Every structure is written in structure tokens, then in C-alpha cells.
Amino acid sequence: MTGTLAGFFAPWAIYAGLLLLHLVLPARRVNGYVRDEHTDELLRYRLNGLLVLIVTVSLWFAAGLFGGMPWEWLWLHRWPGLAGAATLGILVSFAVVLSAPSTGKSILVDLFLGRRFNPQALAGRVDAKMFLYLVGATLLELNLLSFAAHHWITFPDDPSPGIALYVCLFSWFVCDYLFFERVHLYTYDLFAERLGFKLVWGCLTFYPYFYGVGLWTIADRPNPDTPVWLLSLYALLFFVGWSIARGANMQKFVFKTNPSRVFLGVIPPETIQNGEQALLCNGFWGISRHVNYLGEILMASGLALSLGWPLAWGPWLYPLYYVVLLGTRERDDDRRCAEKYGTIWEEYRKRVPWRIVPGVY
Ligand code: NDP
């Protein structure tokens with residue numbers, strides 16, 4: 001019973017510890033892309049995600065090494081942990097939404113989609129959205145390490161190299177996000193989403209517990225003996241996806257922060273303009289209108305395959321989730337851009353007809 005309670009409250013304690021680390025560790029201060037709703041000034045952010053992750057993982061490692069807490073502890077308490085994170089996600093969603101004035105929509109819509117856009121606390125030291133992404137990413141990393149540790153402890157003589165590969169690739173994904181935290185300030189989540197159940201519960205519960213669903217369902221299985229050449233192909237698929245997603249996101253970031261700058265030293269921006277607004281239409285943004293979403297789906301597929309059980313359904317839930325999430329988001333974003341950019345979006349659609357997958361969709 002005490003173990004179950006400890007597991008339930010573990011995500012709460014971890015999130016509290018992460019808040020403390022976020023506040024006390026040094027951070028860079030940067031201007032964002034989104035403006036304050038009241039002053040119209042660019043919002044400022046304190047970013048130190050990668051440092052918070054490194055310190056947290058070091059503490060987790062030290063706790064296992066010196067006997068404070070076995071490395072597989074989060075695996076052993078994963079069900080109460082999930083219940084605790086889900087409960088906290090619901091409570092925080094209610095608190096964030098109900099403490100803000102209504103948007104005029106029904107209470108259920110407000111609860112799901114939120115009321116405030118970009119709240120910040122403690123005199124701007126904590127941005128709610130960036131903090132939520134940080135804690136979601138960090139607990140995901142701890143879960144992955146702990147689930148993999150469980151596999152190693154269960155099969156000490158013949159652990160699966162696929163699981164090692166999966167954790168390495170996923171850790172790359174988490175570190176990449178935190179290293180490029182600033183680029184995330186220029187994305188849909190920041191300028192188009194409000195803070196409601198979807199985002200709050202999504203970050204506190206879904207992100208740390210669902211993203212690793214592949215390992216959750218496979219960690220108890222023995223080594224499938226996947227040949228090294230096949231594991232290498234899976235890793236290649238992941239990195240092809242990563243190059244597309246990161247490349248597209250960076251090209252847009254460079255363009256938004258310095259519109260005339262040449263990307264990667266070789267791609268000068270080509271644009272469709274109306275005098276006031278401009279859209280990129282070359283490089284990654286000339287392949288399809290959201291080629292970054294394709295990159296993300298390829299990465300997720302590489303991760304699912306790397307576990308070495310291509311016929312198991314569990315690992316495929318993760319790429320499937322991306323197909324649904326990014327497929328619907330592309331439609332929303334397309335509508336939003338058509339409204340914002342008018343005729344130049346029409347022109348962009350004609351020039352780059354593919355939504356996500358060039359030649360297919
Ligand atoms: P985008 O980075 O594609 O951002 C869309 C916005 O970019 C548009 O609203 C518009 O904003 C601007 N834009 C679109 N086309 C052009 C163009 N041709 N030239 C200039 N600006 C353009 O999408 P997201 O923000 O949704 O995603 C960002 C990244 O995050 C992606 O790689 C995505 O896959 C990833 N992601 C990851 C998730 C995860 O869970 N791991 C979840 C969701 C997304 P503006 O009005 O500012 O011009």
C-alpha cells in the first residue's frame with residue numbers, strides 16, 4: 001500500500017523538484033515570438049531545459065548507484081505513477097482554466113481547450129507552457145531509463161540491443177527538443193493553443209507515459225535477436241526523419257528571426273510576398289507545406305521498429321498517434337494560414353501542392 005501511494009505521488013514530487021531546479025539553475029533569457037495579450041510586447045522566456053534534464057538524470061543515476069532507489073523503481077510503480085500523473089493533470093487543468101475569465105464558449109470547451117494563451121508566473125521566471133513541456137520531457141526520459149533498467153535486470157545475460165537503441169534514439173529526441181527549446185517558441189503550440197486540459201494533461205500525463213508505450217509493452221519480453229544490419233536501418237530511418245523535421249523547423253526559425261539570412265550557408269530564402277507578409281517556398285518548405293510532420297512520423301516509425309518486435313501492436317500506437325495528431329493539426333494550421341495570409345497562401349498552395357507527404361498527400 002505504501003509503495004502504491006509512493007508511486008502515485010512520485011510524479012507530483014518529481015514535478016515539484018523540477019520546478020525547483022528550473023528556478024535555481026542558470027537560464028538564458030530570450031525574446032519569444034508570441035506577444036503579451038495586454039502590452040503587445042514580445043514575451044520573454046527563461047530557458048534551461050537541457051541543464052535541468054542533465055541534473056535530474058544524474059540524480060536518478062546516483063540514487064540507483066548508491067542504493068537510495070532502484071533504477072527500475074518507476075517501472076515497478078508505473079501504474080500508480082500513471083494514475084497520480086493523470087489526477088494531477090486533471091486538478092491543474094481545472095485550476096488553470098477556472099481561475100481565468102470565460103472565452104464565451106461553453107465550460108466544457110473552455111476546460112478542454114483552455115482560456116489563457118501564455119500565462120507566466122513568478123515575475124516571468126516561469127512560463128506555464130514551456131515549463132509543462134520541460135517536465136513532460138524530463139519524466140518521459142526517466143520513465144524510459146527506468147523501463148530499460150527493468151529489462152536489463154530481468155534479462156541480465158541476454159538483454160535486447162533493440163531496447164538500448166530505442167532508449168538512445170528517444171534520448172536524442174528529448175535532448176534535441178531541450179537543446180532547441182528556443183525554436184519551439186516559434187511553433188503552433190505557443191501561438192495557437194490555449195492552456196486547457198488538452199495541453200496541461202497532455203504534458204503532465206500523456207507525454208511522459210504514452211510516448212514510451214513501445215517500451216512499456218516490450219520491456220518484459222526477451223531479446224528478439226534482431227540482426228545488427230536491421231537495427232542500423234531502423235536507426236537510419238529515425239535520423240532521416242530527424243533531419244527532415246529539424247531541418248524544416250530550423251529553416252523557418254532562421255527565416256522568422258532573420259528573413260534574408262542564407263540557411264545552412266547554401267539555401268538563400270525564396271519567398272512569396274505581398275509587401276507586408278512573406279512565406280518561404282523553397283528548401284524544406286518547397287517540398288510539402290508541412291514536411292516537418294512527415295519527419296516526425298518517420299522518427300516515430302524508426303523508434304517503434306527499433307524495439308525489434310515489428311508485429312507487436314504496442315510500439316505502433318506511437319506513430320499512429322502522430323498520424324492522427326499531425327494530420328488534424330495540418331488541416332487546422334492550413335485554415336489558420338489561409339485566414340492570416342490570404343492570397344499569398346493561395347499562391348503557396350498552388351506552388352507547393354502537397355500537404356505533408358510529397359507526391360502522395
Ligand atoms: P510548423 O512548425 O509547421 O508551424 C506552422 C506555422 O508556421 C504556421 O502556422 C505559420 O505560422 C508558419 N508557416 C507555415 N508555412 C510557412 C511558410 N511556408 N513560410 C513561413 N512560415 C510558414 O508546425 P508546428 O508548430 O505544429 O510544429 C513544429 C514542430 O513540432 C514540427 O516538427 C512538428 O512535427 C513538431 N511537433 C511535435 C510534437 C511532439 O509531440 N513531438 C507535437 C506537435 C508538433 P506564422 O503565422 O507564424 O507564419
Side-chain angles (χ1 to χ4, degrees), residues 32-35 42 129 132-133 136-137 140 169-170 172-178 180-193 198-199 202-203 206-213 238 241-259 263 267 269-274 276-301 303 318-342 344-357:
Y33 180 55
V34 175
R35 291 180 182 278
L42 282 180
K129 282 183 185 167
L132 284 167
Y133 291 120
L140 167 64
L169 297 179
F170 230 135
W172 175 280
F173 169 91
V174 170
C175 292
D176 168 79
Y177 164 69
L178 293 172
F180 290 107
E181 237 180 340
R182 189 172 169 213
V183 179
H184 192 68
L185 299 176
Y186 289 69
T187 60
Y188 184 94
D189 300 13
L190 273 280
F191 58 69
E193 299 261 36
K198 183 176 169 209
L199 211 149
C203 284
F206 193 78
Y207 190 9
Y209 285 93
F210 176 79
Y211 275 42
V213 65
F238 173 90
W242 174 77
S243 307
I244 294 172
R246 180 49 59 210
N249 293 334
M250 289 311 288
Q251 189 191 1
K252 179 157 68 82
F253 175 72
V254 166
F255 177 65
K256 298 279 182 195
T257 45
N258 187 350
F263 177 60
I267 311 178
E270 265 176 49
T271 56
I272 302 171
Q273 312 207 13
N274 61 9
E276 284 169 13
Q277 297 167 302
L279 287 165
L280 267 175
C281 59
N282 70 333
F284 289 98
W285 297 86
I287 300 173
S288 74
R289 301 200 297 276
H290 271 105
V291 77
N292 46 357
Y293 291 177
L294 171 63
E296 213 82 40
I297 292 165
L298 293 180
M299 272 199 278
S301 306
L303 279 167
Y318 179 59
L320 186 68
Y321 150 74
Y322 271 104
V323 171
V324 175
L325 171 84
L326 298 177
T328 45
R329 180 179 286 204
E330 189 281 329
R331 295 271 163 173
D332 281 348
D333 195 51
D334 193 65
R335 261 193 301 277
R336 187 186 160 277
C337 288
E339 256 173 50
K340 177 173 174 182
Y341 290 106
I344 62 170
W345 190 256
E346 282 303 316
E347 214 178 313
Y348 180 48
R349 274 182 183 152
K350 281 189 198 128
R351 182 148 169 182
V352 182
W354 304 108
R355 289 175 183 274
I356 297 179
V357 190

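Treat the numbers as computed from the prediction; the structure is a model and nothing was measured. Just so you know, ligand 1 is whichever comes first in the structure, and atom 1 is the first atom listed for that ligand. Note that the numbering runs from 1 along the sequence shown for the chain.
In this structure, the protein non-hydrogen atom closest to atom 38 (C) of ligand 1 is Y322 CE2, 4.1 Å. For atom 46 (O) of ligand 1, the closest heavy atom belonging to the protein is K340 NZ, 2.7 Å. Among all non-hydrogen protein atoms, the one lying nearest atom 34 (O) of ligand 1 is E296 OE1, 2.6 Å.
Aromatic ring centres of Y211 and Y321 lie closer together than 6.0 Å. The aromatic ring centres of Y177 and F173 sit 6.0 Å or more apart.
Across the listed options Y293, F180, Y33, Y293 owns the non-hydrogen atom lying nearest to atom 27 (O) of ligand 1. Among R329, H184, K252, the residue whose heavy atom lies nearest to atom 43 (C) of ligand 1 is R329. Among N292, L325, V34, the residue whose heavy atom lies closest to atom 31 (C) of ligand 1 is N292.
Look at W345 and you'll find a heavy atom under 4.0 Å from some atom of ligand 1. Judged by the shortest distance from any of its heavy atoms, Y341 lies inside the 4.0 Å radius around the atoms of ligand 1.
In terms of polar-atom proximity, defined here as any N/O pair under 3.5 Å, R289 makes no such contact with ligand 1.
Contacts of F253 with ligand 1, taken as heavy-atom pairs under 4.0 Å, are absent altogether.
Near C337, the atoms of ligand 1 lying under 4.0 angstrom from a non-hydrogen atom of the residue are 8 (C), 9 (O), 10 (C).
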